[in-house]
Amino acid sequence: MAELFPTSRQAALERLRCFAPKAGRAYASGRNTDVGPGNPTAVSMLSPYLRRRMITEREAIEEVLKHHSPEAAEKFIQEVFWRTYWKGWLEMRPAVWDHYLTEREAALADPPADYQAAIEGRTGIEGFNDWAQELVQSGWLHNHARMWFASIWIFTLKLPWALGADFFYRHLLDADPASNTLSWRWVAGLHTKGKTYLARADNIEKYTNGRFRPRDLAPFAEPLIEAFETPAPLPPRDAQTRVPDGPYVLLLTEDDLHPESWPGFETNPPQEVIVLNPSPQEASLNSGTIASQFSKDALQNAITRIDRPVTFCEQTASGLTQTMSGRTADRLVIPYQLSGPSAPSLNRSLVKLEAAGITVHELKRSWDDHVWPHATAGFFKLKKKIPKLMAQAGLTH
Ligand SMILES: Cc1cc2nc3c(=O)[nH]c(=O)nc-3n(C[C@H](O)[C@H](O)[C@H](O)COP(=O)(O)OP(=O)(O)OC[C@H]3O[C@@H](n4cnc5c(N)ncnc54)[C@H](O)[C@@H]3O)c2cc1C
């Protein structure tokens, strides 16, 4: 699998270049088929790189538009916007992530009897068992398999959705707080109220090229009900749009591993780089062997490319302040801090840092700044804005 997902920006760009000519009709007609591990697929398999911005959404669409009109590549472009939509949606409702953590913790403290068999792929359900094992062994599942798996988990096995989201998050190379949590909630009928996703044997048989036809799947998918009320959207924080003039230290995080493409970076790179060691919570959430190794290697690839002195720092409240003290630069540049596992401890560190007289310069990409405000409701509202958003980003055929 290391070969399937080589951990470098160069490899991601190469994958994008190979995929782009196929991002039109071939993608639209083949994207729903899960051909199984090791077989040529119609999908791009770029998500582990896009999730960390080893390549950006903008770069992916730009490359595809070298080969196709926006109309011909419409499906692929929409999928890329789904990623940004989920991020923006969660960013405006951070309480949904906190709610997931609470549900997860409660369920892990007292897991149902069938849980272990489900994550080990010993349920007797054809397909489901294979996907459980494929996920653990490879860190990867096709989108349709993720949908079938989540649906069977929730509606056939009647396991808590948060335990399923935890299992995915632990092992996926592209594990993402927004895409994962909200996709699970969408399948369960908790995102679009009353709308669920039901896995059907004939659909699975058709889109696995006849590999699986599971029996005894739930015939209905009654939406889950929870006491938690989805909060009204809060506007995302304002942040800087380019690196500052003058000396600064860069805090490199997994949410953005291509700072070289930030406006102003090329002419004013950082003096030094700080990398935070994962907090215990982060480490426990994405603890699958393959996924955690991929994260480490992806960070290392960015460190090597940026080629500046690097310090690794513990995520204690005063760890960052101590690391910054004595540095000639009294400015720390960080990528926009998304809702997710590192946010609480990092926010505590940033408060201490500012109290110690260090300026924190949070940088938001214009892509997020333009797209997120349209994630107030369902995706279809945002979808209508895609042509305008692409023009705003200067993306043309
Ligand atoms: C239950 C469930 C959990 C999921 N968890 C994650 C997760 O943790 N991280 C993650 O990145 N994706 C997640 N997805 C979304 C989707 O399955 C993956 O992004 C997709 O399979 C990636 O494969 P690809 O790169 O070949 O996608 P392609 O089909 O080639 O699409 C191109 C890009 O568009 C984006 N994209 C495609 N489909 C989706 C989608 N449904 N939602 C959001 N973005 C999408 C991805 O960035 C992807 O790389 C989840 C979906 C489900 C149903």
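As the structure lists them, so they are numbered: ligands from 1, and atoms in each ligand from 1. Note that these values count all heavy atoms, side chains included, but never hydrogens, waters or copies made by symmetry.
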Task: Under 3.5 Å donor-acceptor, R93 side chain and T376 backbone - done: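 Indeed, once roles are kept as given, a pair shorter than 3.5 Å links the two residues.
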
For [atom], closest protein heavy-atom neighbour:
| atom | result |
| --- | --- |
| atom 42 (N) of ligand 1 | W86 NE1, 3.4 Å |
| atom 19 (O) of ligand 1 | S47 CB, 4.0 Å |
| atom 27 (O) of ligand 1 | S44 OG, 4.1 Å |
| atom 16 (C) of ligand 1 | N143 OD1, 3.3 Å |

Please work out, at 4.0 Å between heavy atoms, whether the side chain, the backbone, both, or neither of [X] comes within that distance of ligand 1.
| X | result |
| --- | --- |
| F168 | side chain |
| W140 | side chain |
| W186 | neither |
| N180 | both |

[Y] and [X] aromatic ring geometry - parallel, tilted or perpendicular at 30°/60° bounds:
| X | Y | answer |
| --- | --- | --- |
| W97 | Y100 | tilted |
| W86 | H191 | perpendicular |
| W140 | F5 | tilted |
| W184 | W153 | perpendicular |

TODO: Mind checking salt bridge (Lys or Arg N to Asp or Glu O under 4.0 Å) for R25 and listing every partner two or more places apart, or none if nothing turns up?
DONE: none

Option nearest [atom] (shortest heavy-atom distance, choices [options]):
| atom | options | answer |
| --- | --- | --- |
| atom 31 (O) of ligand 1 | F19, W82, Y27 | Y27 |
| atom 6 (C) of ligand 1 | M147, K75, R146 | R146 |
| atom 47 (O) of ligand 1 | R83, H142, K22, H171 | R83 |
| atom 33 (C) of ligand 1 | I77, L46, I61, L50 | L50 |
| atom 35 (C) of ligand 1 | R185, E79, H144, R31 | E79 |

- [ ] Could you tell me whether D176 and ligand 1 have an N or O pair separated by under 3.5 Å?
- [x] yes

Task: Sub-3.5 Å N/O-N/O distance, D174 and ligand 1 - done: yes

Give the atom numbers and elements of ligand 1 that come within less than 4.0 Å of a heavy atom of [X].
| X | result |
| --- | --- |
| A175 | 8 (O) |
| M45 | 24 (P), 25 (O), 26 (O) |
| W184 | 1 (C) |

Task: Smallest separation among heavy atoms of R305 and L257, with atom names - done: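 Nearest heavy atoms, R305 then L257: NH2-O, 2.6 Å.
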
Task: Criterion side chain to side chain donor-acceptor pair (under 3.5 Å) against W148, the qualifying member of N203, D34, T208 - done: N203

Open item on the list: Taking a cutoff of less than 4.0 Å between a non-hydrogen atom of the residue and any ligand atom, is F76 in contact with ligand 1?
Closed with: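 Under 4.0 Å: yes for F76.
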
TODO: Answer yes or no: is there an ion pair linking E91 with K364, defined by an N-O contact shorter than 4.0 Å?
DONE: no

- [ ] Give a yes or no on whether a salt bridge exists between R31 and E79, defined as a side-chain N under 4.0 angstrom from a carboxylate O.
- [x] yes

TODO: Cation-pi check, R237 to Y336: give yes when NZ or CZ is under 6.0 Å from the six-membered ring centre and within 45° of the ring axis, no otherwise.
DONE: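 Satisfied, under 6.0 Å and within 45°.
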
